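Single-structure report; data block below.
On a predicted model such as this, the values are computed, not experimentally measured, just so you know.
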Amino acid sequence: MKLPPKLTPDLLFLAALFTFAGVMHFVRPQPFDTIVPSWVPMPARTATLLSGAAEIAGGLGLLHPATRPAARLGLLALLLTVFPANLNMAVNAERYRPLPEWALWLRLPLQPLLMWLVWRAGKGRKVG
């Protein structure tokens with residue numbers, strides 16, 4: 001099956017990844033609630049739902065050339081914002097068993113890679 005112009009497999013993968021992750025924030029919010037650091041200035045559930053909505057909006061936004069630049073910037077901001085939660089998980093790995101500690105640490109360097117993929121895939125139509 002041939003994809004429409006500018007809708008590449010990597011773009012579809014990222015759109016599906018973020019949309020699925022965002023939906024999971026609503027379907028099974030409790031695991032996401034547990035990783036919200038205590039210093040976040042809102043209830044954990046609120047942070048979970050806001051980040052889930054942002055992931056869905058960003059994932060779907062990557063699918064259309066007109067919304068792709070805004071989705072790219074939004075997803076990059078989201079990835080920067082949730083990095084402390086990932087760091088919190090790695091530092092406090094004993095709280096997140098049965099997830100292996102090595103996997104939680106491995107996520108940290110993968111986040112910049114994901115950011116690069118979003119930056120690369122989100123390039124497209126110029127804003128303004």
How long is the gap from CD on Glu101 to CD on Glu94, to the nearest 0.5 Å?
8.0 Å
Under 4.5 Å between side-chain heavy atoms, counting indirect links through other Ile/Leu/Val/Met/Phe/Trp/Tyr residues: same cluster for Phe83 and Leu99 or not?
no
Exam field: side chain Thr19 to backbone Ala16, donor-acceptor pair closer than 3.5 Å:
no
Do you reckon Leu78 sits in the same ILVMFWY cluster as Leu113, going by side-chain contacts under 4.5 Å, direct or chained?
yes
Once side chain to side chain contact (heavy atoms under 4.5 Å, CB included) is applied, do any residues pair with Pro100, and if so which ones, sequence neighbours excluded?
Trp102, Ala103
Correct closest heavy-atom pair for Phe18 and Leu114 would be CZ-CD2, 4.0 Å
With hydrophobic residues grouped by side-chain heavy-atom distances under 4.5 Å, do Trp116 and Leu11 end up in a single group?
yes
With sequence neighbours excluded, residues passing side chain to side chain contact (heavy atoms under 4.5 Å, CB included) with Ala90
Leu104, Trp105, Leu108
Output all residues satisfying side chain to side chain donor-acceptor pair (under 3.5 Å) with Arg45, sequence neighbours left out; order by chain, then residue number.
Asp33
Heavy-atom nearest pair, Leu106 first then Pro109, reads O-CD, 3.1 Å
Where Leu63 and Leu7 come nearest, the two heavy atoms and their spacing:
O-CD1, 3.7 Å
The reported gap from CG in Leu80 to CG in Leu75 (rounded to nearest 0.5 angstrom) is 11.5 Å
Pairs meeting criterion ring-ring contact (aromatic ring centres under 6.0 Å, His included) with involvement of residues 26-65, two or more places apart:
His25-Phe32
At their closest point, which heavy atom of Ala121 faces which heavy atom of Leu14, and how far apart are they?
CB-CD1, 3.5 Å
Partner residues of Asn92 under the side chain to side chain donor-acceptor pair (under 3.5 Å) criterion, sequence neighbours left out:
Asn88
Considering non-hydrogen atoms only, spot the tightest contact between Ala21 and Glu55 and give its length.
CB-OE2, 3.6 Å
Which residue pairs pass the salt bridge (Lys or Arg N to Asp or Glu O under 4.0 Å) test with at least one member in residues 56-65, sequence neighbours excluded?
none
Transitive ILVMFWY side-chain link Leu73 to Leu50, under 4.5 Å:
no
Would Leu87 end up clustered with Leu110 when hydrophobic side chains under 4.5 Å apart are linked, directly or stepwise?
no
Check: Arg72 side chain, Trp119 main-chain N or O, donor-acceptor pair, under 3.5 Å:
yes
Between Val36 and Met42, does a side-chain contact (heavy atoms from CB on, under 4.5 Å) hold up when you go through it step by step?
CA-CA 10 Å; Val36 175; Met42 65 183 71; over 6 Å; no
Compare every heavy atom of Ala85 with every heavy atom of Ile35, then report the nearest pair and how far apart it is.
O-CB, 3.4 Å
Atom OG1 of Thr48 and atom CE of Met24: how far apart are they, to the nearest 0.5 Å?
12.5 Å
Spatial distance of atom CG (Leu79) from atom CE (Met115) [nearest 0.5 Å]
5.5 Å
